[in-house]
2 protein chains.
Amino acid sequence: MKHESFNESVEMYLKTVSELAAGNDLAPISALAERLGVSTVSATEMVHRLCEKGLLDHTPYKGVALTEDGRRRAQRVIRRHRLWECFLVDFLNLPWEKVHDYACRLEHATDTAVTEALAAFLNHPQTCPHGNPIPSAVGDVAAANDTPLGDLQPGDHGAISRIYPESLLLLDYLAARGILPGQPVEFEEIAPFNGPLMIKIGGETHALGQEIAAHIFMELTDDTH
Amino acid sequence: MKHESFNESVEMYLKTVSELAAGNDLAPISALAERLGVSTVSATEMVHRLCEKGLLDHTPYKGVALTEDGRRRAQRVIRRHRLWECFLVDFLNLPWEKVHDYACRLEHATDTAVTEALAAFLNHPQTCPHGNPIPSAVGDVAAANDTPLGDLQPGDHGAISRIYPESLLLLDYLAARGILPGQPVEFEEIAPFNGPLMIKIGGETHALGQEIAAHIFMELTDDTH
DNA sequence: GTTTATTATAAGGCTTACCTAAAAATTTAA
DNA sequence: TTAAATTTTTAGGTAAGCCTTATAATAAAC
């Protein structure tokens, strides 16, 4: 009956740091704590433990980063997570917007042998149903070459590539509006005073808040013919 | 970050009681503790907690039994466990003797929606790869109509129906010898002084200790034609 | 260069699920 | 029916992962 829940917490912290420090910068502990639903004091404690284990680097007053060990460990969790998402959508026909949460539980309870057998069964998919790349078994990920909707200029167009980071609330919102990877996108305008972005997605125009727009990535169609 | 590990412990206790009290009698706390790899003091503590929650009934100095609530809860865990075993063997091609352990982890991390979608995907199988019946979604199980090898008389024959309860050590042992559900069985003799049982399984004769024989069930072929 | 805001640490506590050691209660067996 | 074995309870402890409150350190803004 040895406790596996330590593992689970570790994995959640590493995964979250990986998301927050996606742009190679440091993840502030406050942001970590908020995303994990934990007090900053608790997060600080845990960060110390993970530093001692050599999984995180903490620069006081700046934030935390994954060590190489931590990075690999996080990517392996993310691999399990995204493989399960593929299975849940493609074979169990579960809703696109729900599988993220289901996979969040399974990812901590999946042996390596199961992970790799699952990858083979699924034919080694490259992305999860939300468009995010699936790391390799040793923790390598393809670098993304896309842009968050928030960074677009009027007239830009292309197609949605991925939703990142994912959360049930966000995915529910997007699913209800048909805002999914693959949908064609045309940027129309941004309302003044940091207002919502007016974006045509799959024929319909949506007013998206900046925060949501930061979670939607697209691949630009190159118009410089 | 609310802890799900309480759930996990509860589920392990309920599952184990369900196994130990299979013959409708009481499961001694000492047996519970041993199977869970925990001190009797710890097991007693936990049993008290589960009694307060209305999941167990404890008769002091006798043992524990599942309440109706506890029984249903245990069966639901067992359902998830056995469905995963089917998937792991039939679709991921993982070894028959290993999937029990893999499923032991997954069973605590599987939402009801995933369980039922999995059942549908698998076409609602009736038994796990080790021959044990899969409880219904509401926790009903078909009563088994088979006999442990230990109870046989010389001359009896039939086919292996299931291995129960399962454990990695036992399954490894049986897999190495081709002792699997479906194999034809012929009882030859029992060595004196509680010696091993000599049993012909799939053409070869095996000397099985009584403890192992108690875990192997068979369906007798009725010879009273 | 202060003030203000953020970040970190310190102190004390809680719960779950474990542990050991020792004493008390009950059952079983001689 | 007394002794032996088992079961339960009591007492005191540990570690992980949380919590709140309060103080100290640093960074950023004015």
Side-chain angles (χ1 to χ4, degrees), chain A residues 1-17 20-21 25-66 70 73-74 77 104-105 107-109, chain B residues 1-17 20-21 25-66 70 73-74 77 104-105 107-109:
Chain A
M1 284 250 67
K2 286 280 128 50
H3 261 322
E4 309 298 345
S5 69
F6 180 57
N7 267 328
E8 188 164 332
S9 283
V10 170
E11 290 179 352
M12 286 306 292
Y13 272 85
L14 295 182
K15 227 181 60 158
T16 307
V17 172
L20 290 173
D25 28 56
L26 297 176
I29 291 190
S30 51
L32 236 190
E34 200 203 332
R35 183 117 13 161
L36 290 167
V38 142
S39 74
T40 56
V41 179
S42 299
T44 305
E45 259 180 21
M46 190 64 170
V47 163
H48 286 337
R49 275 195 284 265
L50 296 181
C51 285
E52 275 163 27
K53 285 198 178 298
L55 297 168
L56 288 182
D57 278 330
H58 182 209
T59 310
Y61 297 101
K62 300 291 176 178
V64 295
L66 294 164
R73 182 100 179 255
V77 180
C104 268
R105 298 237 268 142
E107 71 190 5
H108 308 293
Chain B
M1 284 251 66
K2 283 281 128 51
H3 261 323
E4 308 298 346
S5 68
F6 180 57
N7 266 329
E8 189 165 332
S9 283
V10 170
E11 290 179 352
M12 285 307 290
Y13 272 85
L14 296 182
K15 227 181 61 158
T16 308
V17 172
L20 291 172
D25 28 58
L26 298 176
I29 290 188
S30 50
L32 235 190
E34 200 203 332
R35 181 116 14 163
L36 290 167
V38 141
S39 75
T40 55
V41 178
S42 300
T44 306
E45 259 180 21
M46 189 64 170
V47 163
H48 286 336
R49 276 195 282 265
L50 297 181
C51 284
E52 275 162 27
K53 285 197 178 299
L55 297 168
L56 290 181
D57 277 332
H58 181 210
T59 311
Y61 297 100
K62 301 292 176 176
V64 295
L66 294 164
R73 182 103 178 252
V77 180
C104 268
R105 298 235 270 141
E107 72 191 6
H108 308 292

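Sequence lines set the chain letters: A, B, ... in the order given, protein chains first and strands last, and positions in each chain run from 1. Note: hydrogens, waters and symmetry copies are ignored here, and every other heavy atom, side chains too, is used.
Between B:H58 and D:dT8 there is a side-chain N or O to OP1 or OP2 distance below 4.0 Å. Contact check, B:S30 against D:dT7: a side-chain N or O comes under 4.0 Å of OP1 or OP2. In this model, the phosphate group of C:dA24 is not approached by any side-chain N or O of B:Y61 to a distance below 4.0 Å at OP1 or OP2. Remark: B:R49 is in phosphate contact with C:dA17, judged by side-chain N or O atoms under 4.0 Å from OP1 or OP2. Side-chain N/O atoms of A:H48 include one lying less than 4.0 angstrom from OP1 or OP2 on C:dT9.
With rounding to whole Å, B:M46 atom CE is found 16 Å from D:dT9 atom P. Atom NZ of A:K62 is separated from atom C1' of D:dA28 by 10 Å (rounded to the nearest Å). Whole-Å rounding puts the A:L50 CG to D:dA16 C1' distance at 12 Å. Atoms CD (A:E52) and P (D:dA15) sit 13 Å apart, rounded to a whole Å. Following rounding to the nearest Å, B:L36 (CG) and C:dA17 (C1') show an atom-to-atom distance of 12 Å. Rounding to whole angstrom units, NZ of residue A:K53 and C1' of D:dG17 are separated by 13 Å. Atom CD1 in A:I29 sits about 17 Å away from atom C1' in C:dA5, given to the nearest Å. Taking atom CD on B:E8 and atom C1' on D:dG17, their separation rounds to 16 Å, with Å as the unit.
Listed here is the closest heavy atom pair of A:L66 and A:A74: CD1-CB, 4.3 Å. For the pair A:H108 and B:R105, the tightest heavy-atom approach, listed with the atom from each and the gap, is O-NH1, 3.2 Å.
Among the heavy atoms of the strands, none lies under 4.0 Å from A:T40.
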Derivation and outcome, side chain to side chain contact (heavy atoms under 4.5 Å, CB included), residues B:V64 and B:Y13: CA-CA 11 Å; B:V64 295; B:Y13 272 85; over 6 Å; no

Apply side chain to side chain contact (heavy atoms under 4.5 Å, CB included) to the pair B:V10 and B:R73, showing each step before the final yes or no. CA-CA 10 Å; B:V10 170; B:R73 182 103 178 252; 4.1 Å; yes

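Mapping B:V41 and B:E45 onto DNA chain D by nearest heavy atom places B:V41 at the nucleotide closer to the 5' end. Where A:T59 and B:S42 each meet DNA chain C at their nearest nucleotide, the meeting point lying more 5' is that of A:T59.
The shortest distance between side-chain heavy atoms of B:L32 and B:V47 falls below 4.5 Å.
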